[in-house]
Amino acid sequence: MPELPEVETVVQSIRDGLINNEFEHIEIRWPKVLFNFSEDEFLNNLVKRKIQRVERRAKFIIIGFNEDILAIHLRMTGKLYFQNNIPQNKHISAVIKINNGNYLIFEDTRKFGRFYYYQSQDYLNNKLGIEPLSNEMNGRILLNILHSKKRIIKALLLDQHIIAGLGNIYVDECLWKSNIHPETISNKIPEKNITILSKMIKSTLQSSIKAKGTTVVDFTFLNGRSGKYSDQLNIFGKEGNPCPKCSEIIIKKKVAGRGTHFCPDCQVIEY
DNA sequence: CCATGAACCTGGTCGC
DNA sequence: TGCGACCAGGTTCATG
């Protein structure tokens with residue numbers, strides 16, 4: 001499901017209900033949800049400890065205690081939200097009781113979502129790439145990254161080890177806005193387009209966060225409200241429709257293993 | 001180093 | 001209405 005803006009939206013929606021509170025208990029309904037630790041370890045290490053911070057790193061939700069963290073990845077269909085009673089919905093992977101009486105629910109239809117426990121955030125930081133909304137990210141850095149590799153640009157932008165947070169929707173949108181064909185080899189892309197791409201990545205993600213993310217199928221947060229960025233999509237899911245810039249018909253094709261939308265007229269492979 | 005396809009799961013949609 | 005094929009916002013692993 002969620003990419004950076006949707007995860008950021010979830011973090012903002014649960015932060016106030018967690019900061020300075022404590023976990024009291026956890027009920028595991030899908031055992032695989034705990035990826036690298038056990039239910040006992042959860043109870044021994046994470047219960048009755050004050051939550052210091054709730055943040056996002058790439059597509060991970062970080063719940064920080066002291067140095068150690070509980071990291072949650074929603075994958076495709078994960079939802080994390082509060083409820084004041086124990087729900088009986090079909091696809092709930094875990095229920096965490098909070099000391100204020102609420103329950104933090106992890107609901108996940110496809111069961112790909114996972115909880116990770118790490119002694120510090122370093123492990124994640126070391127394997128994740130640059131945050132696209134950080135000051136570190138700019139046209140110069142992006143040029144260095146793209147020109148130091150010879151990879152299909154779509155695959156490169158989806159690779160979390162390099163730039164962390166983009167997913168299928170926002171990659172398609174940003175490449176379209178920058179007039180870059182998704183199959184272009186990264187080191188062939190002109191500097192001019194990369195400068196624009198860097199700006200489009202930032203502005204697109206920021207606009208989406210403002211709209212509380214994109215709802216494609218069933219992304220919700222809080223009381224089932226959905227993100228409004230869907231209204232601002234130009235290319236994703238628009239195959240068969242005219243390109244908003246040139247009116248050519250939008251194409252959908254598999255690139256880097258993912259359904260990929262682009263305008264065959266605006267987005268040209270440059271050499 | 002990189003591309004590809006499968007695997008992990010469930011449910012929705014489309015064509016016949 | 002039923003059924004199979006295919007698709008889905010993500011990531012990881014094996015293979016060539």
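Naming convention: chains lettered A, B, ... in sequence-line order (proteins, then strands); numbering from 1 in each chain. Keep in mind it's a predicted model, so treat the numbers as computed, not measured. Heavy-atom basis, side chains included; hydrogens, waters and symmetry copies ignored.
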### Message
Would you say A:K59 places a side-chain N or O within less than 4.0 Å of OP1 or OP2 belonging to C:dT11?
### Response
yes
#### Entry: Nearest-angstrom distance from the residue atom CZ of A:R75 to P of B:dT10
16 Å
### Task
For residues 34-44 of chain A, pull every pair meeting salt bridge (charged side-chain N to carboxylate O under 4.0 Å, His left out), keeping only residues two or more places apart or in separate chains.
none
### Query
What is the minimum heavy-atom distance between A:P132 and A:I201, and which atoms define it?
CB-CG2, 3.8 Å
### Query
What salt bridge (charged side-chain N to carboxylate O under 4.0 Å, His left out) pairs are there with at least one residue in residues 195-210 of chain A, not counting sequence neighbours?
none
### Summary
Heavy atoms of A:K111 and A:H91 approach each other most closely as NZ-ND1, 4.1 Å
### Query
Quick one: CG on A:N234 to SG on A:C266, what's the gap to the nearest 0.5 Å?
10.5 Å
### Task
Among residues two or more places apart or on two chains, list those pairs meeting salt bridge (charged side-chain N to carboxylate O under 4.0 Å, His left out) that have a residue in residues 12-35 of chain A.
A:E24-A:K97, A:E27-A:R29
All N/O donor-acceptor pairs, side-chain side in residues 246-257 of chain A, below 3.5 Å, sequence neighbours left out:
from: A:K253; atom 1: NZ; to: A:E183; atom 2: OE1; distance (Å): 2.8
from: A:K253; atom 1: NZ; to: A:E183; atom 2: OE2; distance (Å): 3.1

### Minimum-distance nucleotide to A:H73 side chain [options: C:dT11, C:dG9, C:dT12]
C:dT11
### Query
Which residue pairs satisfy the side chain to side chain donor-acceptor pair (under 3.5 Å) criterion with at least one member in residues 147-171 of chain A, sequence neighbours excluded?
A:E6-A:Y170, A:R151-A:D159, A:K154-A:N168, A:K154-A:D172, A:K154-A:T260, A:Y170-A:S208, A:Y170-A:T214
### Message
Quick check on contacts: within residues 112-132 of chain A, what sits under 4.0 Å from DNA chain B by heavy-atom distance?
### Response
A:F112
### Task
Assert yes or no for the condition that the ring centre distance of A:Y117 to A:F35 is strictly below 6.0 Å.
no
### Task
Give a yes/no on whether any side-chain N or O of A:H91 is located under 4.0 angstrom from OP1 or OP2 of B:dC9.
no
### Task
Side chain of A:K32 only, please: which of B:dC8, B:dG11, C:dA8 is the nearest?
B:dC8
### Query
What integer distance in Å separates A:I162:CD1 from C:dT11:C1'?
15 Å
### Message
In whole Å, I'd like the distance from the CG atom of A:D172 to the P atom of C:dG10.
### Response
10 Å
### Query
The side chain of A:N168 lies closest to which of these nucleotides: C:dG9, C:dT11, B:dC9?
C:dG9
### Task
Taking atom C1' in both C:dC3 and B:dC8, compute the distance separating them and give it to the nearest angstrom.
24 Å
Contacts under 3.5 Å, N or O only, protein and nucleotides 14-16 of chain C:
none

### Rounded P spacing from C:dA5 to B:dA6 in Å
15 Å
### Query
CD of A:E173 versus P of C:dG9: gap in Å, rounded?
13 Å
### Message
Can you identify which nucleotide, out of B:dT10, C:dG9, C:dC7, has its nearest atom closest to the A:K111 side chain?
### Response
B:dT10
### Query
Base, sugar-phosphate alone, or nothing: which one does A:G167 contact when heavy atoms must sit under 4.0 Å apart?
sugar-phosphate
### Message
By the definition side chain to side chain donor-acceptor pair (under 3.5 Å), identify the one residue from A:E67, A:E55, A:R53 that meets it with A:Q121.
### Response
A:R53
### Query
Under the ring-ring contact (aromatic ring centres under 6.0 Å, His included) rule, what pairs show up with a residue in residues 181-210 of chain A, not counting sequence neighbours?
A:H181-A:F262
### Query
For A:K90 and B:dC9, what is the distance between atoms NZ and C1' respectively, to the nearest whole Å?
12 Å
### C:dT11 and B:dG11, which share atom name P, separated by this distance in whole Å
22 Å
### Query
Mind checking the P distance from C:dC6 to B:dG5? Whole angstroms is fine.
14 Å
### Pairing residues for A:R49 by the salt bridge (charged side-chain N to carboxylate O under 4.0 Å, His left out) criterion, not counting sequence neighbours
A:D68
Identify the pairs formed between an N or O of the protein and an N or O of nucleotides 1-3 of chain B at a distance under 3.5 Å, and give each distance.
from: B:dA3; atom 1: OP1; to: A:I152; atom 2: N; distance (Å): 3.1
from: B:dA3; atom 1: OP2; to: A:R151; atom 2: NE; distance (Å): 3.2

### Message
ring-ring contact (aromatic ring centres under 6.0 Å, His included) for A:F23 and A:F42? Distances and angles first, verdict last.
### Response
CA-CA 10 Å; A:F23 293 154; A:F42 187 102; 5.7 Å; yes
#### Entry: Closest to side chain of A:R258, choosing from B:dC9, C:dT11, C:dC7
C:dT11
### Task
Treat each ILVMFWY residue as a node, draw an edge where side-chain heavy atoms are under 4.5 Å apart, and state whether A:L70 and A:I61 are in one component.
yes
## Note on the structure
Minimal heavy-atom distance between A:V11 and A:V54, with the atoms involved, is CG1-O, 3.8 Å
## Note on the structure
Read 5' to 3' with Watson-Crick or G-U pairs under 3.5 Å, [ ] for crossing pairs and | for partners on another strand, DNA chain B gives .|||||||.|||||||
#### Entry: Qualifying salt bridge (charged side-chain N to carboxylate O under 4.0 Å, His left out) pairs, either residue in residues 121-131 of chain A, two or more places apart
A:R56-A:E131, A:R57-A:E131
### Nearest-angstrom distance from the residue atom CZ of A:F106 to C1' of B:dC9
13 Å
### Task
Calculate the interatomic distance between A:L158 atom CG and B:dT4 atom P; express it in whole Å.
13 Å
### Message
If you only use heavy atoms from C-beta on, which nucleotide in B:dG11, C:dT11, C:dG10 is closest to the side chain of A:Q160?
### Response
C:dT11
### Query
Between A:K154 (NZ) and C:dT11 (P), how many Å, whole number?
13 Å
### Task
Using a heavy-atom cut-off of under 4.0 Å over every strand shown, decide if A:F236 touches base, sugar-phosphate, or nothing.
sugar-phosphate
